[in-house]
2 protein chains.
Amino acid sequence: MGHSRAAKQDTHNRIVDVASKRLRQEGFAGVGVADVMHEAGLTVGGFYKHFASRDDLLREALDAACGAWRAQKAAADAGGPQVSYQLLVHEYLSPAHRDNPGTGCPVAAVAADVGRADEGTRALFSQRIDQNIDLLASLIPADDARTARAQAILTYSALVGAITISRVAADDPLSREILDTVRDLLLKKD
Amino acid sequence: MGHSRAAKQDTHNRIVDVASKRLRQEGFAGVGVADVMHEAGLTVGGFYKHFASRDDLLREALDAACGAWRAQKAAADAGGPQVSYQLLVHEYLSPAHRDNPGTGCPVAAVAADVGRADEGTRALFSQRIDQNIDLLASLIPADDARTARAQAILTYSALVGAITISRVAADDPLSREILDTVRDLLLKKD
DNA sequence: ATTATCTATAGATCTATAGATAATGC
DNA sequence: ATTATCTATAGATCTATAGATAATGC
């Protein structure tokens with residue numbers, strides 16, 4: 001009960017963060033208004049003072065998930081430790097990333113769901129994917145920009161496909177084989 | 001009204017086929033018991049004489065989707081026109097496949113959903129994926145079996161990732177760029 | 001006075017079940 | 001007599017809204 005001044009923004013961010021995590025853990029269908037509010041320490045009623053609809057929350061949560069991934073790289077790329085192609089591929093295809101989708105790449109987690117979403121959501125997500133490909137291309141040494149971009153597109157596709165499949169295989173040794181094999185081929189060949 | 005002898009099996013297959021298509025078009029969450037029965041020309045009530053539960057239908061529909069894809073290749077591989085690595089990659093990364101998920105590869109359509117399913121469903125789907133990798137490996141010319149399998153894993157990951165992302169991008173030119181680029185790199189290099 | 005959040009609930013949707021209906025097969 | 005399918009509905013779940021409550025800010 002009770003409320004506060006502009007601490008509403010904190011509450012708003014907390015709701016979006018919870019939804020962003022659940023979105024990647026459970027998919028679009030796993031994001032229930034009541035569940036998200038409860039996990040954020042709130043009750044259902046207040047939800048619609050923050051969002052016009054459940055779809056509105058999904059859009060914000062999806063964008064937040066994309067932003068978090070890019071910010072993580074932008075920060076490391078700016079002041080923090082240098083991001084390298086090797087490090088990025090290594091971390092993306094790690095068991096840690098496979099086992100923690102809630103804080104991982106949203107493309108791997110919900111791309112299929114987004115493919116079925118409205119055009120606005122798809123357009124937003126397409127931009128994020130394009131930006132990620134650009135980022136990858138900038139890390140790849142190549143004769144010209146066109147070759148780097150082509151290689152980035154192949155790498156990005158392989159990363160997303162490999163971790164998606166490795167999550168299905170879960171406890172099966174196949175899961176680790178996929179991660180290790182794709183990592184080795186992406187790092188040792190080109 | 002009405003019924004029949006072992007025409008029940010026809011009805012059963014029809015329900016599974018509809019579910020198998022909707023599964024790939026709309027994801028797990030898009031498969032409603034009433035919707036599927038209606039699309040099969042039936043009503044809700046009869047459903048539970050065919051399946052113990054909605055989950056039971058999902059398992060059968062998923063397996064049917066996997067079987068259809070393999071049968072398509074086994075048939076072509078046996079009597080029909082020879083399946084080649086080139087043809088397979090070309091068709092998998094075609095706009096036709098991108099735009100018709102309902103009759104396409106179930107891995108690209110619902111792998112993320114399966115990753116969140118119960119262990120039995122995941123184990124079944126893992127086997128299908130392993131079989132598909134074996135099939136791909138058998139089509140790849142390589143010095144030894146180990147190299148062929150590794151290359152098959154990379155190719156399979158890239159195929160699944162590329163078509164998943166291309167479905168998000170939809171009308172954007174990026175969609176076609178991804179399909180064409182990954183196809184060219186998979187076919188011209190290795 | 002305003003407003004952020006809460007309690008309570010309406011309305012829609014979905015899975016699953018109960019009982020009726022009508023065609024098959026002994 | 002059996003059974004495949006249908007109509008009808010119970011019970012659960014989920015989005016969204018209405019009205020109450022209590023803390024902020026003029």
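Protein chains get the first letters and strands the later ones, always in sequence-line order, with residue 1 at the start of each.
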[options]: which one has an atom nearest the side-chain heavy atoms of [X]?
X       : options               : value
A:Arg54 : D:dT15, D:dC6, C:dT15 : D:dT15
A:Ser53 : C:dA16, D:dT5, D:dA16 : D:dA16
A:Val33 : C:dA16, D:dT15, C:dT5 : D:dT15
A:Val44 : D:dA16, D:dC6, C:dA4  : D:dA16

Salt-bridge criterion met for [X] and [Y] (N-O under 4.0 Å):
X        : Y        : result
A:Asp172 : B:Arg122 : no
A:Arg167 : A:Asp99  : no
A:Arg183 : A:Asp180 : yes

Practice problem: Give none if D:dA23 has no partner; otherwise give the nucleotide forming a Watson-Crick or G-U wobble pair with it, both distances under 3.5 Å. | Solution: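 Pairing partner, where one exists within any strand: C:dT2.
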Quiz item: Across all strands, who's sitting opposite C:dA18 as a Watson-Crick or G-U wobble pair, both distances under 3.5 Å?
Solution: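 Pairing partner, where one exists within any strand: D:dT7.
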Within less than 4.0 Å of OP1 or OP2 of [N], is there a side-chain N or O belonging to [X]?
X       : N      : answer
B:Lys49 : D:dA4  : no
A:Tyr48 : D:dT17 : no
B:His50 : D:dT5  : yes
A:Thr11 : C:dT5  : yes

Quiz item: Any link between B:Val107 and B:Leu124 through a network of hydrophobic side chains (Ile, Leu, Val, Met, Phe, Trp, Tyr) touching at under 4.5 Å?
Solution: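 Unlinked, B:Val107 and B:Leu124 end up in two clusters.
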Quiz item: Do B:Arg24 and B:Ser20 have side-chain atoms, one donor and one acceptor, less than 3.5 Å apart?
Solution: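 A pair is found: one side chain offers a donor N or O, the other an acceptor, under 3.5 Å apart.
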In this structure, how many angstroms lie between the [atom2] atom of [N] and the [atom1] atom of [X], rounded?
X       : N      : atom1 : atom2 : value
A:Gln9  : C:dT3  : CD    : C1'   : 15 Å
B:Arg14 : D:dA4  : CZ    : C1'   : 12 Å
A:His38 : D:dT13 : NE2   : P     : 15 Å
B:Phe51 : C:dT15 : CZ    : P     : 13 Å
A:His12 : C:dA4  : NE2   : P     : 12 Å
A:Asp55 : D:dT15 : CG    : P     : 10 Å
A:Phe47 : C:dT7  : CZ    : C1'   : 18 Å
A:Met37 : D:dA16 : CE    : C1'   : 12 Å

Practice problem: Remember a base hit wins even if backbone is also touched, and classify A:Val31 as base, sugar-phosphate or nothing at under 4.0 Å, heavy atoms. | Solution: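 It contacts sugar-phosphate atoms only.
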Quiz item: Base, sugar-phosphate alone, or nothing: which one does B:Gly32 contact when heavy atoms must sit under 4.0 Å apart?
Solution: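 Here B:Gly32 touches the backbone only, sparing every base.
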